[in-house]
Number of protein chains: 2
Amino acid sequence: MGIQERKARNKEDLRRQILDAARHLFVTEGYENVSMRKVADRIEYSPTTIYLHFRNKAELLGAISEETLQRLLNTLEGLSKEGGDAITILRKSAQSYVAFGLEHPKDYDLTFIKRPLYQEGLRLTEGSAGERAFRYLRAMVNECIEQKQFRPVDVETTGQALWGAMHGVTSLLISYPDFPWVDKNTLINTAIDIMIDGLKAQT
Amino acid sequence: MGIQERKARNKEDLRRQILDAARHLFVTEGYENVSMRKVADRIEYSPTTIYLHFRNKAELLGAISEETLQRLLNTLEGLSKEGGDAITILRKSAQSYVAFGLEHPKDYDLTFIKRPLYQEGLRLTEGSAGERAFRYLRAMVNECIEQKQFRPVDVETTGQALWGAMHGVTSLLISYPDFPWVDKNTLINTAIDIMIDGLKAQT
DNA sequence: TTATTATACTTAACACTGTTAACTTATTTA
DNA sequence: TAAATAAGTTAACAGTGTTAAGTATAATAA
């Protein structure tokens with residue numbers, strides 16, 4: 001029964017085309033400046049064809065955001081395999097998180113800043129990228145505590161505070177590019193150092 | 001020449017009506033679900049009248065955001081008059097900042113999260129609310145250093161890192177209301193404590 | 001007081017939006 | 001070969017931000 005498979009493959013191909021076209025347009029022109037007709041034009045299909053693959057424009061954005069989250073997660077999970085002590089991995093992860101945002105500012109904006117407003121975002125269902133990302137963060141914090149490099153703080157609270165701080169720096173740098181920031185790397189590393197120092201065990 | 005004054009007053013009145021109607025609608029229905037026609041309906045004028053006071057919808061949002069910024073700034077500046085040592089004032093300011101966001105989530109969203117995307121936001125011209133807010137933050141950090149409660153960190157970098165952390169916690173709590181957050185106050189105070197601990201002078 | 005000019009506001013229109021229902025065409029199954 | 005399914009399109013609806021042109025009213029100048 002290769003026929004059904006071919007059909008499924010074609011359908012999947014078109015879905016990919018739509019996603020790629022939409023991401024390109026969303027990133028270059030901004031979500032609200034991109035119409036379904038523009039996306040359709042780009043893939044040379046009629047606008048309504050998109051609705052055979054996505055319920056509406058918000059769901060199209062949702063699918064793109066989910067892929068962004070996956071890419072970020074892959075970057076982060078790769079890091080823990082490089083080894084090093086717990087704090088080093090945590091620091092590198094934090095740096096990578098912000099770096100990802102600054103390297104793909106429009107994608108970060110769509111996924112973490114803009115998306116929640118359109119679609120109650122960030123599913124944390126078992127196995128979702130969001131859930132895996134947060135489990136990764138929890139494990140890092142826990143490791144720092146077990147290695148006695150952090151004082152015995154609450155893992156969940158600390159994880160959320162760390163995410164907050166990193167998301168804050170990232171989203172401000174992205175959202176206000178004209179603000180008179182100090183050197184970006186200095187700012188990022190200072191924010192990370194302050195947090196880590198504040199969590200360190202008293203010596 | 002009371003006539004011109006009356007006219008100016010009427011004009012100002014209508015501007016206020018537009019701003020109030022627009023803020024109410026933006027906050028209750030969301031910026032993109034509010035049309036210029038809806039705002040006009042609410043004040044019982046034709047849609048085009050709004051364009052005699054604001055260049056376009058984004059500028060209308062900009063004016064509302066500026067007022068929100070003013071309100072936040074007033075709240076903060078009131079705090080420093082209550083007295084207390086430098087760290088206490090800094091902590092209370094940080095708490096107030098987040099509290100403001102959580103008490104007016106839609107306003108915070110419009111001003112700090114959503115606005116930048118529509119209009120390259122946050123003017124820092126001499127005397128603007130944004131500029132005053134940042135001067136206030138710098139002064140607080142400086143005071144903590146001079147009182148030897150903070151180690152001699154760079155004031156500008158530290159201020160920006162603090163703002164980042166607070167904005168991050170605030171915007172995440174607002175943007176992801178369904179996320180399994182720990183107790184909000186615990187999270188907020190933990191984030192603040194970690195930062196302050198990380199900045200304290202070694203004793 | 002009358003004619004002119006400026007102000008405040010409205011009507012009508014343009015080009016575009018997300019989305020749905022109804023239709024056509026091609027492909028697969030019975 | 002006929003019926004059913006799938007894939008894709010056309011046409012339309014109700015609504016959008018915004019502009020140009022028009023109208024009425026009030027203020028000024030003659």
Side-chain angles (χ1 to χ4, degrees), chain A residues 1-23 25-26 28-65 110 114-115 117-120, chain B residues 1-23 25-26 28-65 110 114-115 117-120:
Chain A
M1 269 295 127
I3 291 168
Q4 287 197 344
E5 286 176 26
R6 193 201 68 217
K7 287 197 135 191
R9 196 152 16 89
N10 285 350
K11 186 151 188 166
E12 192 51 44
D13 277 3
L14 184 47
R15 190 187 145 93
R16 257 265 65 78
Q17 277 191 66
I18 296 170
L19 283 171
D20 291 346
R23 178 188 293 275
L25 290 170
F26 287 171
T28 54
E29 305 188 11
Y31 179 73
E32 32 271 325
N33 301 318
V34 174
S35 66
M36 298 300 254
R37 286 167 178 85
K38 273 192 197 171
V39 178
D41 267 10
R42 202 177 159 80
I43 57 171
E44 298 180 297
Y45 277 82
S46 86
T48 49
T49 299
I50 300 173
Y51 288 89
L52 301 173
H53 295 260
F54 302 93
R55 258 208 336 256
N56 51 39
K57 198 184 170 190
E59 190 175 292
L60 183 50
L61 174 57
I64 289 170
S65 292
L110 287 171
K114 173 158 274 170
R115 173 163 75 130
L117 307 167
Y118 291 93
Q119 147 173 342
E120 310 309 314
Chain B
M1 269 298 127
I3 291 168
Q4 287 196 346
E5 286 176 24
R6 191 200 68 216
K7 286 196 137 188
R9 196 155 14 91
N10 285 351
K11 186 150 188 166
E12 192 50 45
D13 276 4
L14 184 48
R15 190 187 144 92
R16 256 266 65 77
Q17 278 190 65
I18 296 169
L19 284 171
D20 291 346
R23 179 188 292 276
L25 290 169
F26 286 173
T28 54
E29 305 188 12
Y31 179 73
E32 33 270 326
N33 301 318
V34 174
S35 66
M36 298 300 253
R37 286 166 178 85
K38 273 191 197 171
V39 178
D41 267 10
R42 200 177 160 80
I43 56 170
E44 297 180 299
Y45 277 81
S46 86
T48 49
T49 298
I50 300 173
Y51 288 88
L52 301 172
H53 296 260
F54 302 94
R55 258 205 339 251
N56 52 39
K57 197 183 170 189
E59 190 176 292
L60 183 51
L61 174 59
I64 290 170
S65 293
L110 287 171
K114 172 160 276 173
R115 176 164 72 130
L117 307 168
Y118 291 95
Q119 145 174 342
E120 310 308 314

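We name chains A, B, ... by the order of the sequence lines, and we start the count at 1 in each one.
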Between CD of B:E29 and C1' of D:dG15 the distance, given in whole Å, is 14 Å
How is B:N10 classified with respect to the nucleic acid when contacts are heavy atoms under 4.0 Å: base, sugar-phosphate, or nothing?
-> nothing
Whole-Å distance, A:E32 CD to C:dC16 C1', equals 15 Å
Please list, for nucleotides 6-10 of chain D, all pairs of protein and nucleotide N/O atoms separated by less than 3.5 Å.
unit_1: D:dT9; atom_1: OP2; unit_2: A:S46; atom_2: N; d: 2.8
unit_1: D:dT9; atom_1: OP2; unit_2: A:S46; atom_2: OG; d: 3.0
unit_1: D:dT9; atom_1: OP2; unit_2: A:T49; atom_2: OG1; d: 2.6
unit_1: D:dT10; atom_1: O4; unit_2: A:T48; atom_2: OG1; d: 3.4

| query | Taking C-beta and beyond as the side chain, do B:M36 and B:F54 meet within less than 4.5 Å on heavy atoms? | reply | no
All heavy atoms of A:I50 vs all of A:A40, minimum pair found to be CD1-N, 3.8 Å
Here the distance between atom C1' of C:dG18 and atom CG of A:L61, to the nearest Å, is 15 Å
Here the distance between atom C1' of C:dA21 and atom OH of A:Y51, to the nearest Å, is 14 Å
field: Donor-acceptor pair, side chain of A:K114 and main chain of A:G30, under 3.5 angstrom
entry: no
Separation of D:dG17 atom C1' from B:F54 atom CZ, nearest Å, is 16 Å
* Hey, does A:V34 reach any base, or is it just sugar-phosphate, or nothing, if we go heavy atoms under 4.0 Å? -> sugar-phosphate
Discussion item. Side chains of B:Q17 and B:H53, heavy atoms from C-beta outward: is any pair under 4.5 Å?
Written reply: no
Quick note, salt bridge (Lys or Arg N to Asp or Glu O under 4.0 Å) partners involving residues 41-50 of chain B, not counting sequence neighbours, are none
- [ ] Determine whether B:L14 and B:T49 make a side-chain contact, defined as any pair of heavy atoms from C-beta on separated by less than 4.5 Å.
- [x] yes
Rounded to whole Å, the OH-C1' distance (B:Y31 to D:dT16) equals 12 Å
When rounded to whole Å, the CG to C1' distance for the pair B:D41 and D:dT16 reads 14 Å
Q | Side-chain-base donor-acceptor pair under 3.5 Å for B:R37 and D:dG15 | A | no
Separation of D:dT19 atom C1' from B:M36 atom CE, nearest Å, is 12 Å
Check your understanding: Is there a side-chain contact between B:I18 and B:R15 (heavy atoms, below 4.5 Å)?
Key -> no
Picking from C:dT19, D:dT16, D:dG17, the nucleotide nearest the side-chain atoms of B:K38 would be D:dT16
